[in-house]
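Encoded as structure tokens, the structure appears first; notes follow it.
Letters A, B, ... mirror the listed sequences (proteins, then strands); counts begin at 1. Source: prediction; values computed, not measured.
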Amino acid sequence: MNIARVIVDVPAKQTDRAFDYKIPSHLEGVILPGMRVVVPFGPRKIQGFVTALQAESDFQQLKSISEPMDLNPVLNQELLTLGEWLTEKTLCYKISAFQAMLPAALKAKYEKKLVMAKNADRKLLPERVSALFQKTEEILWDDAVKSGALPLLQKEASNGNIEIIYQVKERVKKKKVKQVFAAADPNKLADYLQQLPGNATKQKEVLEYFLHEEGPVDQKELFSLFGITSSTIKGLMQKGLLGQRDVEIYRNPFGDREFERTEPLFLTDGQRKAIIPILNSIENNRHETFLLYGVTGSGKTEVYLQSIQRVLENGKEAIVLVPEISLTPQMVKRFKGRFGNQVAVMHSGLSAGEKYDEWRKIQRKEVKVVVGARSAIFAPFENLGIIIIDEEHETSYKQEENPRYHARDVAIERAGNHKCPVVLGSATPSLESFARAHKGVYHLLTLENRMNNQALPSVDIIDMREELREGNRSMFSRKLLEKIKDRLGKKEQIVLFLNKRGHSSFVMCRDCGYVINCPHCDISLTYHRYNQQMKCHYCGYEAPVPNACPECESEHIRYFGTGTQKVEEELAKILPEAKVIRMDVDTTSRKGAHEKLLDQFQDGHADILLGTQMIAKGLDFPNITLVGVLSADTMLHLPDFRSSEKTFQLLTQVSGRAGRHELEGEVIIQTYTPEHYSIELAGEQDYDKFYEREMMVRKIHRYPPFYYISLVTVSHEELMKAVSVTEKITQYIQSKLSAGSIVLGPVASPIPRINNRYRYQCLIKYKREPELGLALKKVLDNYQQDIATGGLSVSIDLNPYILM
DNA sequence: AGCACGCCGACT
DNA sequence: GTCGGCGTGCTC
């Protein structure tokens with residue numbers, strides 16, 4: 001078994017297979033499946049994953065593995081197999097699947113550089129070249145290009161005087177601290193202390209310290225304790241009195257914060273009824289998918305916690321997925337509070353190094369529970385006892401880049417491997433999941449009531465057209481304003497929700513109707529007040545606001561549509577006494593800002609929390625008694641068959657922020673389309689009725705869950721190329737499908753141009769097409785050349801969540 | 001993805 | 001005649 005099958009780090013069709021390598025004798029038994037290795041590939045050296053070992057190979061001229069990159073495999077057998085599965089399910093390359101399962105820190109970087117060949121005679125090199133090597137041993141390739149001496153260098157390379165070296169570099173280092181310890185016994189230290197000259201005060205202090213403390217101590221601590229620098233330590237080290245060593249440590253994103261320990265709560269009847277089948281499944285090692293359906297505040301989290309507790313008691317591990325966890329620090333508190341340092345947390349707010357450290361805690365079996373966003377589903381546990389997906393309807397569980405997987409699918413696949421339950425929890429389940437629960441594919445568990453049987457908040461829907469008709473042109477209806485004033489007076493807190501950041505959604509000339517668009521994308525620019533700029537949310541293009549209309553030179557330029565920034569200004573004008581905290585991507589991008597703002601709000605430093613999507617989830621503050629949705633229809637008119645579902649879910653969720661404790665809550669929803677069923681039913685908080693209505697719509701229009709959909713998006717700088725390729729693909733797919741299936745296209749994508757690339761697409765709806773995956777793979781193969789070199793991009797999503 | 005190899009146009 | 005354009009095919 002001295003041959004390794006290796007998947008190399010070259011995401012391309014032709015290299016999407018294993019290459020065999022010899023394992024050099026000194027590495028036999030060291031190299032194992034699931035390890036990263038450095039291998040020679042053509043003229044360069046690259047990273048690869050060993051997928052298997054075998055005794056022989058069909059290939060005759062095997063090269064040898066250069067070196068291992070890990071001491072222990074980073075992928076276990078289950079994850080290696082899962083990678084294969086992911087490849088088939090999402091049509092991605094094997095290497096992309098493996099990389100998606102690991103923290104980004106483990107993805108290799110490459111360095112290309114030039115060094116003088118060992119036997120090269122410096123005197124024979126052209127002067128320009130030897131000058132370059134005067135100060136340094138090696139020249140980075142990029143620097144060589146910049147220096148302009150590349151042709152010369154290449155010539156010398158072909159003469160054999162210069163070597164081109166390819167190097168694989170680790171992205172993130174393990175974090176280490178220097179520690180100092182006493183290297184001699186106390187008697188000897190005391191002896192030396194006597195001999196030290198009187199002016200060596202610093203050294204004396206340090207030695208005295210080590211007489212009582214044998215260490216090791218962090219070097220940094222010594223520095224601050226005695227006000228010394230490394231030279232003092234060095235001196236003592238040279239005398240053999242002290243020693244120094246590097247110790248690997250974990251970065252600690254939560255600082256030294258203590259989480260208050262909590263005990264299991266007494267379950268309500270409803271909770272107990274719901275948890276029994278889950279515990280059963282855990283005890284019997286049975287794979288089963290549960291849909292835990294319970295209104296906000298019905299105590300789903302406690303059911304998760306106690307299920308996990310049972311799993312831990314059985315010596316197994318648990319994965320908990322939450323949507324973008326940095327958004328719900330309260331959730332982290334609950335898990336860390338119950339399970340203490342057995343919990344690793346992985347979310348997008350952590351740095352690459354911090355994520356890597358959390359991942360290593362799992363790999364080294366130092367934790368038993370991981371709470372994290374989508375990618376935590378690949379946590380390298382080997383003994384999974386349960387997988388929980390909270391807020392299962394959230395679209396962030398779908399990855400929108402390759403591999404385009406849905407965490408729910410991965411969870412069910414992994415749970416199948418481990419023979420353990422999956423629990424999907426939501427107050428507003430996705431239609432797909434609820435339909436499956438009805439069909440008996442998932443086991444439906446319902447939590448009927450809120451804990452303590454609080455009433456759901458009362459919801460008022462305000463018709464903003466009516467307000468307009470009666471002369472109220474502001475963004476606040478009279479009723480909302482009145483309620484806000486009321487709460488301000490009572491010192492109760494208010495949450496205002498608006499699903500749009502920035503200031504205004506578009507800038508238009510009032511005289512000619514010209515809307516200022518992004519020059520690279522077919523989409524209007526958003527006005528941001530703080531820097532007086534217009535910004536494209538798709539490509540990042542920024543431009544100052546023009547003084548006159550570029551079309552008709554009129555100076556009547558107006559801002560339309562309302563964003564959070566504008567609301568903030570407006571509030572300051574009409575309610576100057578109210579303290580407002582604004583939360584959106586623009587105010588929370590800095591690390592920790594999110595939690596800080598929330599803490600401020602919780603501690604009562606503000607009356608109004610104004611924000612986008614991100615405040616819809618997880619907030620649980622007792623003093624919030626009013627929730628206002630400023631414009632419920634912002635998402636409703638998006639070109640997406642899920643827009644009703646998303647609107648309903650969002651409104652229901654935001655409403656759930658009010659009155660979660662003793663004080664009763666009230667919700668006001670402002671809208672221009674109060675008659676739309678998703679708004680009306682969100683007002684009644686009637687998910688079941690919404691489900692029925694929406695299922696009818698989906699059935700008529702042949703959308704999920706009645707049909708599966710797949711989306712092919714083609715983009716190219718030239719419009720004609722994009723159109724013609726999409727046309728050919730559409731025809732080909734059409735020819736491969738059975739009678740009941742539908743192909744829509746080619747049509748321009750809802751955003752027809754992004755970053756100067758034209759985008760066309762083709763949507764496939766089907767009930768059963770076992771061959772579709774294969775056909776789509778053929779499409780990719782067929783256009784491989786154009787994709788690789790012709791600037792064409794073809795992306796295929798076998799279960800798209802964003803149709804743009 | 002890189003890179004080498006190889007076959008046609010515009011140049012010393 | 002050669003230098004260099006990028007189309008084609010290979011990498012264990």
Side-chain angles (χ1 to χ4, degrees), chain A residues 1-25 27-28 31-69 80 87 91-100 104 106-114 139-145 148 150-160 162-169 171 401-403 716-718 721 725 780-795:
Chain A
M1 301 296 259
N2 63 341
I3 289 172
R5 311 220 78 197
V6 175
I7 302 292
V8 292
D9 182 16
V10 182
K13 204 235 139 189
Q14 291 154 303
T15 48
D16 189 32
R17 62 188 175 90
F19 287 81
D20 292 350
Y21 285 89
K22 258 190 300 207
I23 298 174
S25 54
L27 291 176
E28 259 181 73
I31 303 247
L32 298 169
M35 265 186 193
R36 298 175 304 148
V37 288
V38 177
V39 290
F41 196 64
R44 44 199 184 125
K45 285 208 170 138
I46 57 175
Q47 189 189 58
F49 287 88
V50 176
T51 55
L53 301 183
Q54 53 189 217
E56 41 196 298
S57 168
D58 294 337
F59 196 80
Q60 296 310 307
Q61 296 97 36
L62 291 182
K63 289 187 186 174
S64 287
I65 287 176
S66 308
E67 54 180 308
M69 293 181 75
L80 283 170
T87 306
L91 303 182
C92 72
Y93 301 125
K94 293 176 182 43
I95 188 69
S96 317
F98 291 149
Q99 273 164 357
L106 292 180
K107 194 174 163 189
K109 277 194 305 190
Y110 297 101
E111 212 171 67
K112 186 178 174 184
K113 53 194 179 189
L114 301 160
I139 301 171
L140 292 178
W141 183 267
D142 289 347
D143 294 341
V145 173
L150 195 61
L152 264 176
L153 289 163
Q154 277 177 310
K155 203 170 154 208
E156 289 309 316
S158 58
N159 287 344
I162 287 178
E163 265 181 273
I164 301 174
I165 293 193
Y166 299 88
Q167 233 172 18
V168 182
K169 296 199 82 180
R171 198 165 280 260
E401 61 203 49
N402 273 325
H716 196 272
E717 278 188 11
E718 287 161 41
K721 179 79 180 171
V725 170
L780 280 181
D781 293 356
N782 194 242
Y783 288 99
Q784 167 69 21
Q785 201 62 46
D786 270 354
I787 293 168
T789 56
L792 181 75
S793 128
V794 178
S795 88

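- Listed nucleotides: B/dA1, C/dC12, B/dC3. Nearest to the side chain of A/K63: C/dC12.
- In this structure, the aromatic ring of A/F41 is positioned over the six-membered ring of the base of C/dT11, centres within 5.5 Å and planes within 30°.
- Between the C1' atom of C/dT11 and the CD1 atom of A/I7 lies a distance of 14 Å, rounded to the nearest Å.
- One can place CD1 of A/I165 at 18 Å from P of B/dG2, the figure rounded to the nearest angstrom.
- Taking 4.5 Å as the limit, some side-chain heavy atom of A/M69 sits within range of a side-chain heavy atom of A/V168.
- In this structure, the CD atom of A/Q47 is 17 Å from the P atom of B/dA1, given to the nearest Å.
- For the pair A/Q785 CD and C/dG9 C1', the interatomic distance rounds to 9 Å; values are reported in whole Å.
- A/T15 is listed as a side-chain neighbour of A/F41, based on a closest heavy-atom distance under 4.5 Å.
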Could you run down the sub-3.5 Å N/O contacts of the protein with nucleotides 4-9 of chain B?
none

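- Among all heavy-atom pairs drawn from A/G48 and A/V6, the shortest one is CA-CG1, 3.8 Å.
- Counting only heavy atoms from C-beta outward, the side chains of A/P33 and A/L53 approach each other to under 4.5 Å.
- Inter-residue side-chain proximity for A/M35 and A/I65 is flagged as unmet; no heavy-atom pair is nearer than 4.5 Å.
- Summarising the geometry, the separation between CG on A/D16 and P on B/dA1 is reported as 12 Å, rounded to the nearest angstrom.
- Heavy atoms of A/A788 sit under 4.0 angstrom from primed sugar atoms or phosphate atoms, though from no base atom.
- OP1 and OP2 of B/dG2 both lie 4.0 Å or more from every side-chain N or O belonging to A/Y110.
- Across all strands, A/F59 comes closer than 4.0 Å to base atoms (heavy-atom distances).
- The shortest distance between side-chain heavy atoms of A/Y21 and A/S57 does not fall below 4.5 Å.
- Looking at heavy-atom distances under 4.0 Å, A/Q61 makes contact with sugar-phosphate atoms alone, never a base.
- Residue A/L62 contributes atom CG, which lies 12 Å from atom P of C/dT11 at whole-angstrom precision.
- Between the CG atom of A/D9 and the P atom of C/dC12 there is a distance of 15 Å, rounded to whole Å.
- Contact annotation: A/K112 side-chain N/O to B/dC3 OP1/OP2 distance is under 4.0 Å.
- Nucleotide B/dC3 holds its P atom 7 Å from the CZ atom of A/R44, rounded to whole Å.
- Nucleic acid contact for A/Y93: none, since no nucleic acid atom lies under 4.0 Å from a heavy atom of the residue.
- Using modelled atom types, no side-chain atom of A/E56 and backbone atom of A/Q54 make a donor-acceptor pair closer than 3.5 Å.
- Comparing B/dC3, B/dA1, C/dC12 by their nearest atom to the side chain of A/R17 picks out C/dC12.
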